[in-house]
Protein chains: 2
Amino acid sequence: MTYNHPKILVAIDCLVFGYDTTENNLKVLLFQREVEPFAGEWSLIGGFVNEDEDLSDGAERVLEKFTGLKDVFLEQLSTFGKANRDPGGRVVSILYWSLIKLDDLHRDIANEHGAKWFDLDQLPELVVDHSEMLKLGTEQLVHNAKSRPIGFELLPEDFTLPQLKQLYDAIYGKSIDDRNFRKKILSTDLLIKTDKKDKTTSKKGAFVYRFDTEKYNELRKQGYHLDLNV
Amino acid sequence: MTYNHPKILVAIDCLVFGYDTTENNLKVLLFQREVEPFAGEWSLIGGFVNEDEDLSDGAERVLEKFTGLKDVFLEQLSTFGKANRDPGGRVVSILYWSLIKLDDLHRDIANEHGAKWFDLDQLPELVVDHSEMLKLGTEQLVHNAKSRPIGFELLPEDFTLPQLKQLYDAIYGKSIDDRNFRKKILSTDLLIKTDKKDKTTSKKGAFVYRFDTEKYNELRKQGYHLDLNV
DNA sequence: ACAAAAGTGTTGACCGTACACCCATGT
DNA sequence: ACATGGGTGTACGGTCAACACTTTTGT
């Protein structure tokens, strides 16, 4: 070790949004802390960074522990580092956020770890500065929904346009005009229409679409930047 | 101390953009590292976080040390934390960025600390992942120039429209249409025209303007969001 | 008088928004 | 036949981009 300076505990907190396609609402994964201070209180999922571990690997480890998921949308958001933010000691915490397709499996795995999915409008009090983290993440979600195709991280691979619209409605907290939404989303030319119909929510049935990930990645390499402007 | 986990060195690096009004170009503040590894090589200004110090206070301390400035634009950008990023030991580094009005005083203070202002197109090799930090900060600058009035952080309090346009040209790396630029910037109604003229660059002289900070803050409280769309 | 920078308006193309009805099908 | 959700087009207004000439004044 070359440097001679005070060392600090480094933690990762991970804000996980899951979308429940059947209920049509956005949820957040929280867990009950097991250690003092604040044992038993609700917090974002998190953990300490190991000495030989990349931050991004630590975030993946935390996420996989509580959801069983790998290779999903997971990005760094911001770092929280007030000297006295945690009464248990000096901890600098790096906030990540993740978007997942919520299904029963993830509910079960969450359960095993004392974690639970909460509706955004029925959140409990959160420890330390986690409410601030949640606020930041929610803003990020709204902001990103306009500029990147993050909606498809939250929906199953096969989805219908009414489903996609409901997701955007949930994110923005208001109802978008149906015709304009279709026009905009289809004009990106990044949706693949299949000939299947999903009849679970109507007699007529809604066509099933898929997001064209390859095409999007190809375009992105060429500097393309999606702007949904919904 | 309640927690029992490995502790890690936490550093702050600060990417400082300065705009030189006389030369009309953007510069970045770099300094020559004094300690091994990489002693003598160029790096962003930075330092280690003290145990009882808020991250934001640490960033302010670093910035003041090298520029003599307080109370200027200074925001957190991102955190770099690959386990082996620094061969001198495990260091997690939080990147901040700052915008300042560059004048001779700041050049002198920088000099005292072995720091120097570099043109963006004449940068030396940088240590560790600092080139990545610079890239991120440059993108941030371009992106923010469109959505927030950051230009005024880089110009003196009194400025002319030709100066402001040259600044935006420098940020975007291309020349904006003069008439459209004036229309847009004046339509925000956030510039105060004074009756002074600056004749240093022309015989006719250009009117001196000021940014209406109070009005902007007032509007912002009401949820207003500037969108320059230059 | 002339050089050099400051200042000024109009038009056409495109995009966002508002808005109401028909379609397909299971019961 | 009817109820339910899926699907479709148009017209208006506002915003962005392109474009060239006049004004001022120091030398």
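Quick caveat: nothing in here was measured; it's all calculated off a predicted structure.
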Worksheet item: Which listed nucleotide (D:dG6, D:dA20, C:dG7) is nearest to the side chain of B:Lys204?
Response: C:dG7
Item to complete: Apply the test side-chain contact (heavy atoms from CB on, under 4.5 Å) to residues A:Tyr19 and A:Lys101: give CA-CA distance (whole Å), side-chain angles for both, the deciding distance (0.1 Å), then the verdict.
Response: CA-CA 6 Å; A:Tyr19 184 65; A:Lys101 312 169 206 301; over 6 Å; no
Practice prompt. Just jot down the salt bridge (charged side-chain N to carboxylate O under 4.0 Å, His left out) partners of B:Asp20, sequence neighbours excluded, or say none.
Written response: B:Arg107
Discussion item. Counting only side-chain heavy atoms from C-beta out, which of C:dT17, D:dG6, D:dG26 sits nearest to A:Asn180?
Written reply: C:dT17
Item to complete: Consider the side chain of B:Ala206, meaning its heavy atoms from C-beta on, and name the nucleotide among D:dG6, C:dG7, D:dC19 that approaches it most closely.
Response: C:dG7
Discussion item. Any donor-acceptor pair, under 3.5 Å, between the side chain of A:Arg179 and the base of C:dA20, if you only look at N and O atoms?
Written reply: yes
Worksheet item: Is the shortest side-chain N/O distance from B:Lys184 to OP1 or OP2 of D:dA17 below 4.0 Å?
Response: yes
Worksheet item: Can you tell me how far P of C:dC19 sits from CD1 of A:Ile176, to the nearest Å?
Response: 17 Å
Discussion item. Whole angstroms only, please: what is the NZ-P distance between B:Lys203 and D:dT27?
Written reply: 7 Å
Discussion item. Taking the ring of B:Phe152 and the ring of B:Phe159, is the distance between their centroids below 6.0 Å?
Written reply: yes
Worksheet item: Does a side-chain N or O from A:Lys199 land closer than 4.0 Å to OP1 or OP2 of C:dG26, or not?
Response: yes
Discussion item. Check this one for me: any side-chain N or O of B:Arg182 less than 4.0 Å away from OP1 or OP2 of C:dG7?
Written reply: yes
Practice prompt. Please indicate whether A:Glu23 has more than 12 foreign heavy atoms, meaning atoms of other residues, nucleotides or ligands, lying under 6.0 Å from its CD.
Written response: yes
Worksheet entry | Rounded distance in Å - CZ (A:Phe181) to C1' (D:dG9) | 18 Å
Response to the item:
To the nearest angstrom, the CG-P distance between B:Asp178 and D:dC21 comes to 16 Å
Worksheet item: So with a 6.0 Å cut-off around NZ of B:Lys197, is the heavy-atom count from everything else above 12?
Response: yes
Discussion item. Go nucleotide by nucleotide along DNA chain D from the 5' end; which of A:Asp177 and A:Gly205 gets its closest nucleotide reached first?
Written reply: A:Gly205
Worksheet entry | Closest-nucleotide 5' rank along DNA chain C - winner of A:Lys197 and A:Asp227 | A:Asp227
Worksheet item: Atom NZ of B:Lys183 and atom P of C:dG9: how far apart are they, to the nearest Å?
Response: 10 Å
Worksheet entry | For atom CZ of A:Phe207 and atom P of C:dC23, their distance in whole Å | 15 Å
Worksheet, complete the sentence: Whole-Å distance, B:Ile185 CD1 to C:dT8 C1', equals 17 Å
Discussion item. Reading DNA chain D from 5' onward, which residue's closest nucleotide shows up sooner: A:Thr201 or A:Lys193?
Written reply: A:Thr201
Discussion item. Can you measure A:Leu228 atom CG to C:dC15 atom P for me and round it to whole angstrom units?
Written reply: 15 Å
